[in-house]
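Numbered from 1 within each chain, the chains take letters A, B, ... in sequence-line order.
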Number of protein chains: 2
Amino acid sequence: MGQGGKDDAPASTASATAIDAREAQQQRILAAAMACFARSGFHKASMQDICAEAGMSAGNLYRYFRSKEAIIAAIAEAERVRNAALFDLLQRAEDPVRGLIELARCYLRDMQGRDAPMLCTEIIAEALRNPEIRTMFERNINEAHAACAHALRQGIAQGYVDPGLDVDVAVRMLMALGDGIVAHRVIADFMTDDRTEAVLEVMLERFLRPHAASTVVLADTLSSQPAAAPLPTSA
Amino acid sequence: MGQGGKDDAPASTASATAIDAREAQQQRILAAAMACFARSGFHKASMQDICAEAGMSAGNLYRYFRSKEAIIAAIAEAERVRNAALFDLLQRAEDPVRGLIELARCYLRDMQGRDAPMLCTEIIAEALRNPEIRTMFERNINEAHAACAHALRQGIAQGYVDPGLDVDVAVRMLMALGDGIVAHRVIADFMTDDRTEAVLEVMLERFLRPHAASTVVLADTLSSQPAAAPLPTSA
DNA sequence: CAGATGAGAGTGAACGTTCATTCACTTACA
DNA sequence: TGTAAGTGAATGAACGTTCACTCTCATCTG
């Protein structure tokens, strides 16, 4: 796990393995904490629970994390790094709508176990009130927002995306949709991967693609009369 | 507690006002608890906090609620009742798409203070892990789901809604969207009411209305080639 | 009408438990 | 032999809940 690159010097082997061992222990603690937090929530899960799950004494655990909050922060940071990889995927897509659909697919597949969705929802809830977590969460969100908004604006310039779109609000709404789906899938067992992905694809295609009528015109038309009453199956 | 209807006998005035007083106290506790839970979360907010917020001693508070969990359950129930009113609104709309848009508008306006969004998000997070809360939450969700799904199916029969729609998944996705927006609005200050409502309207209209190409055909088309490449601004 | 009665409203200290965190200590190893 | 890894009992604070108690007041009794 030596994520750095300066390993050409001699005598660095011992310290490098020591650092590796330390990081491995931190990962072990983080994994245990994620399981406990998913099971019981940040505040109901105790440090003793985490110690038991990690197979480690309390005193030793505190050698790796200063406090319970530090563990939560580390989890939020890990989440950020994991998500950042998804947005590289978006950057590489030529058509941002297809890129977003693929992004959503990967995200939903990532968030599939018992723990991940609960943890994700718990992080959001905690971020809304705990200023330290919120700062971190906002950083994640802003990175994601910037990546999506940039892709959509590029897509508008290239004709892939509806130019009448309120990009910032639309992006944030799609992120809200993703988080909401992650939570709701836990209790809605009929929301299988294939069905969810299929509906999501239709939704994004229709929502984001250019339309004949612009937003304003649409609103005018619809507030006066129903739009699609007389056509059952025709084009 | 004879909250039933056998009050035609005389001397019921005293007991009636006693019950009213009791309910008023329960409401006072619930309001205090909602404020504390929104501020600190279910598990970090202490009963002492709630007592202080309600201006009441601990011993007295326990005369009105058996436990902390009972308070949480009562809050979830109040939420359910409040939401049920919204779905009556949907039932009355002739065009279910417009009905859903109006429903979303009302919901987002309801969830506007500092407390309501945080409480809503906290309830969802807690529901995913606490079986008692989850049972309640699932009842709310299922009622909402049934109302929306029924409206959409009726809309399909009348030509308002795309017949190719996977109604159940679509409904649950819209609910997920609503919950997600409620949470994200707390940290995204640019998501003002008018901008959010405008984008939401466009999204629902485009997503739900009948389209020339059905879902299956759309999927085939898109997986082979990008759909909207050659048109920059034309109709 | 004076005063006794008792039930419900309300109090706040105390209970046992659990919490996050610490520390004096032992073990392993280079 | 010295340093880092690891232990687990101890600590004081805070938790949800209880309990013995007082206060209030409508009703009943003589």
Anything under 3.5 Å between a donor and an acceptor, one on a side chain of residues 112-124 of chain B, the other on a protein residue two or more places apart or in another chain? List them.
| residue | atom | partner | partner atom | Å |
| --- | --- | --- | --- | --- |
| B/Gln112 | NE2 | B/Asp193 | OD1 | 3.0 |
| B/Gln112 | NE2 | B/Asp193 | OD2 | 2.7 |
| B/Thr121 | OG1 | B/Pro117 | O | 2.9 |
| B/Glu122 | OE1 | A/Arg129 | NH2 | 2.0 |
| B/Glu122 | OE2 | B/Phe42 | N | 2.9 |

Which donor-acceptor pairs under 3.5 Å do side chains of residues 53-61 of chain A form with protein atoms, sequence neighbours excluded?
| residue | atom | partner | partner atom | Å |
| --- | --- | --- | --- | --- |
| A/Glu53 | OE1 | A/Arg39 | NH2 | 3.1 |
| A/Ser57 | OG | A/Asn60 | N | 3.3 |

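Distance, A/Arg22 CZ to D/dT3 C1': 14 Å, rounded to whole Å.
Each of A/Arg98, A/Arg206, A/Arg195 was scored for a salt bridge (charged side-chain N to carboxylate O under 4.0 Å, His left out) with A/Glu201, with one residue passing: A/Arg98.
When heavy atoms are screened at a 4.0 angstrom cut-off, A/Tyr64 is found touching the sugar-phosphate backbone but no base atom.
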statement: Readout for nucleotides 16-22 of chain D: B = base within 4.0 Å of protein heavy atom, S = sugar-phosphate only, - = neither; 5' to 3' it is SBBB---
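Judged by distance alone, the side chain of B/Asp49 and the main-chain N or O of B/Ser46 form a donor-acceptor pair under 3.5 Å.
Using a 30° and 60° split on the angle between ring planes, A/His145 and B/Phe190 fall in the perpendicular class, above 60°.
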